[in-house]
Amino acid sequence: GIQVEQSPPDLILQEGANSTLRCNFSDSVNNLQWFHQNPWGQLINLFYIPSGTKQNGRLSATTVATERYSLLYISSSQTTDSGVYFCAVDPYYGNNRLAFGKGNQVVVIP
Amino acid sequence: DGGITQSPKYLFRKEGQNVTLSCEQNLNHDAMYWYRQDPGQGLRLIYYSQIVNDFQKGDIAEGYSVSREKKESFPLTVTSAQKNPTAFYLCASSLRDQPQHFGDGTRLSIL
């Protein structure tokens, strides 16, 4: 099946810093989603972004489908940004079945 | 409010027991999904259903069963055949070819 690799696996940020998380995938995809999992386990939709660039407040995402990667940018990080960020892809043959990466563990310190 | 409700939040199972996790949605979504998450890992697909009375196995279906008798409901049974059931279970739903939305999850532990 499709492989999804996220980097870096762990990241510690000073509050106010910017960061970039990367998601590489091994095959063509119909769609790609970014999620934030908070310390209570809730999985929050951030972006639905099969291609192009989207922005939502301090977060933005870019997917380059032809090169099989997506980037999530966090600007002016806050302690509430802490948690695990997941990239999930629906392969072109997948019927909207998501394959998840292992996540980026982000800790923002004051 | 529209959303996905999973219950219970915490569940304990004795050896040899079957347990059923509930997932209900009032978003009028056609498709529903069950995922399993182990510590430090991403989610893995157990079962999914795109319409009522039909469902397909995901990547790790062994030891689990599901039913889809109503559009709103997609319960998951963890059977005694699942040898390592301790995990965090998440249910999701979506419209066709649209983003998946998740419930708050059920944590299952073995006594």
Side-chain angles (χ1 to χ4, degrees), chain A residues 1-11 21 23-26 28-51 54 56 61 63 70 83-107, chain B residues 2-11 21 23 27 29-51 54-61 66 74 86-109:
Chain A
I2 193 168
Q3 303 299 310
V4 182
E5 295 185 357
Q6 293 185 239
S7 60
D10 300 288
L11 186 63
L21 309 178
C23 173
N24 292 333
F25 43 96
S26 61
S28 301
V29 299
N30 288 325
N31 77 63
L32 184 147
Q33 288 185 249
W34 281 99
F35 298 91
H36 176 222
Q37 188 169 42
N38 64 25
W40 297 272
Q42 294 173 317
L43 210 59
I44 308 300
N45 279 302
L46 297 177
F47 295 101
Y48 173 76
I49 184 166
S51 63
K54 292 186 177 180
N56 184 1
T63 297
S70 183
V84 183
Y85 291 82
F86 287 105
C87 169
V89 302
D90 170 26
Y92 71 95
Y93 51 82
N95 293 322
N96 208 23
R97 299 173 42 160
L98 291 179
F100 281 75
K102 292 187 176 182
N104 308 95
Q105 173 81 57
V106 174
V107 175
Chain B
I4 302 168
T5 302
Q6 290 188 240
S7 61
K9 288 192 180 304
Y10 299 93
L11 187 57
L21 284 59
C23 179
L27 301 168
H29 286 172
D30 295 307
M32 297 187 74
Y33 311 82
W34 274 106
Y35 293 89
R36 169 181 171 138
Q37 185 179 24
D38 293 287
Q41 302 295 315
L43 282 65
R44 293 181 291 168
L45 182 66
I46 305 172
Y47 269 98
Y48 66 105
S49 167
Q50 294 180 309
I51 58 172
D54 188 40
F55 49 83
Q56 288 79 40
K57 292 181 179 180
D59 300 317
I60 54 165
V66 293
F74 191 40
T86 297
F88 187 44
Y89 292 87
L90 287 147
C91 175
S93 70
S94 73
L95 293 170
R96 185 176 176 81
D97 296 330
Q98 292 298 307
Q100 290 186 25
H101 298 268
F102 283 78
D104 288 346
T106 293
R107 295 191 185 275
L108 175 62
S109 300

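All heavy atoms count here, side chains included; hydrogens, waters and symmetry mates do not. Every value quoted in this text rests on a predicted model; they were computed, and no experiment measured them.
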task = Apply side-chain contact (heavy atoms from CB on, under 4.5 Å) to the pair A:L98 and B:Y35, showing each step before the final yes or no.
result = CA-CA 10 Å; A:L98 291 179; B:Y35 293 89; 3.5 Å; yes

query = Given a strict heavy-atom distance threshold of 4.5 Å, which part of A:Q105 is in contact with chain B: side chain, backbone, both, or neither?
reply = neither

remark   = When the 4.5 angstrom heavy-atom criterion is applied to B:Q56 and chain A, the contacting part is neither

message = Please identify, among A:G41, A:G103, A:G1, the residue contributing the most non-hydrogen atom pairs under 4.5 Å to chain B.
response = A:G41

Region of B:L45 that comes under 4.5 Å of a non-hydrogen atom in chain A = side chain

Atom pair CG/CD of A:L43 and B:Q37 - distance to nearest 0.5 Å = 7.5 Å

inquiry  = If you count heavy-atom pairs within less than 4.5 Å of chain A, which of B:L43, B:D104, B:D59 leads?
reply    = B:L43

Check against side-chain contact (heavy atoms from CB on, under 4.5 Å), B:K9 and A:W40 = CA-CA 11 Å; B:K9 288 192 180 304; A:W40 297 272; over 6 Å; no

key: Region of B:R44 that comes under 4.5 Å of a non-hydrogen atom in chain A   = neither

request  = Look only at the side chain of A:Q33 and the backbone of B:P99, and say whether a donor-acceptor pair between them is shorter than 3.5 Å.
outcome  = no

key: Expected output: side-chain A:N45 to main-chain B:Q100 donor-acceptor under 3.5 Å   = yes

ask   = Looking at CZ of A:F35 and CZ of B:F102, how far apart are the two atoms once the value is rounded to the nearest 0.5 Å?
value = 4.5 Å

For A:F86 against B:Q41, the heavy-atom pair lying closest together = CZ-O, 3.7 Å

